[in-house]
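All figures in this text were calculated on a predicted structure; none of them were measured in a lab. Residue numbers start at 1 and run along the sequence shown.
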Amino acid sequence: AAQEEANWASRYQALSDLVPEGETKDVLYTIYLDKVQNNRRMVDLLQKEIPNASSYTSPTPLFEKEETYTLENLKQYLQENIWHEVESARFYASILPLFPDYSGTPQLTQLLEGAQNAAILNQYLFSLSFPD
C-alpha cells in the first residue's frame, strides 16, 4: 500500500503539471499532497508495528513503464483515477475491521477517508471538465 501511494502521488503530480493554472490544477495538486502524506502514514505504520521494518524508508514511485501524459487523454486519466480511488477505499475499508485494537487504526481510517475524498474530487473534476 505504501508503494501504491507513492506511485499514485507521482501520477497526480504529473497530471497537475499537465493542466493549466486553475481549479483542476489545484485539485490535482492537493490530491498529490494527500498521496504523499498517505505514503508517509503507511511507512510510519510499517516502522511502528512490524518487527524489523525500522529500516523501511519511503518508497519511490515504481512503474512497469514510464507513462507520458497528454492533455488529450485527461478524460481517460480521470476515469482511471476514480476507479483506482474507489478500489483503494474498498481495500482500506476491508482491512480496517481486521485490527479493532490496532494502534494504527486512526491512520488506517485517515487512509480510507483520503481515498474516498480523492474519488469524489476526481468525479468532481470529471464533471467539471466533461459536462456532457
I want to check something: taking the side chain as every heavy atom from C-beta on, are [X] and [Y] in contact at a cut-off of under 4.5 Å?
X      : Y     : answer
Ser88  : His84 : yes
Asn117 : Asp34 : no
Asn38  : Met42 : no
Leu128 : Val27 : no
Tyr12  : Asn81 : yes

Partner residues of Asn73 under the side chain to side chain contact (heavy atoms under 4.5 Å, CB included) criterion, sequence neighbours left out = Thr70, Gln76, Tyr77
task = Would you list the pairs meeting salt bridge (charged side-chain N to carboxylate O under 4.0 Å, His left out) in which at least one residue belongs to residues 109-120, sequence neighbours left out?
result = none
Salt bridge (charged side-chain N to carboxylate O under 4.0 Å, His left out) contacts touching residues 78-88 (sequence neighbours left out) = Arg11-Glu80, Lys35-Glu85, Glu87-Arg90
inquiry  = Measuring from atom CD1 of Ile95 to atom CG of Leu111, what distance do you get when rounded to the nearest 0.5 angstrom?
reply    = 8.0 Å
note = In this structure, CG of Leu18 is separated from CG of Leu74 (nearest 0.5 Å) by 7.0 Å
inquiry  = Using the rule that Ile, Leu, Val, Met, Phe, Trp and Tyr join whenever any side-chain heavy atoms are under 4.5 Å apart, tell me whether Ile120 and Phe130 fall into a single cluster.
reply    = no
query = Out of curiosity, does Leu33 fall in the hydrophobic cluster containing Leu121 (side-chain heavy atoms, cut-off under 4.5 Å, transitive links)?
reply = yes
Might you point out which heavy atoms bring [X] and [Y] nearest each other, and give the distance in Å?
X      : Y      : answer
Tyr32  : Ala9   : CD1-O, 3.0 Å
Ala89  : Leu112 : O-CD1, 3.2 Å
Ala119 : Ile82  : O-CG1, 4.3 Å

inquiry  = Does either side chain, that of Trp8 or that of Glu4, offer a donor lying less than 3.5 Å from an acceptor on the other one?
reply    = yes
query = Taking only residues at least two apart or on different chains, which pairs with a member in residues 16-30 satisfy side-chain hydrogen bond (donor to acceptor under 3.5 Å, both in side chains)?
reply = Glu23-Tyr124
By ring pair (Phe, Tyr, Trp, His ring centres under 6.0 Å) - contacts of Phe91 (at least two apart) = none
inquiry  = Applying ring pair (Phe, Tyr, Trp, His ring centres under 6.0 Å), can you list everything that pairs with Tyr92, at least two apart in sequence or on another chain?
reply    = none
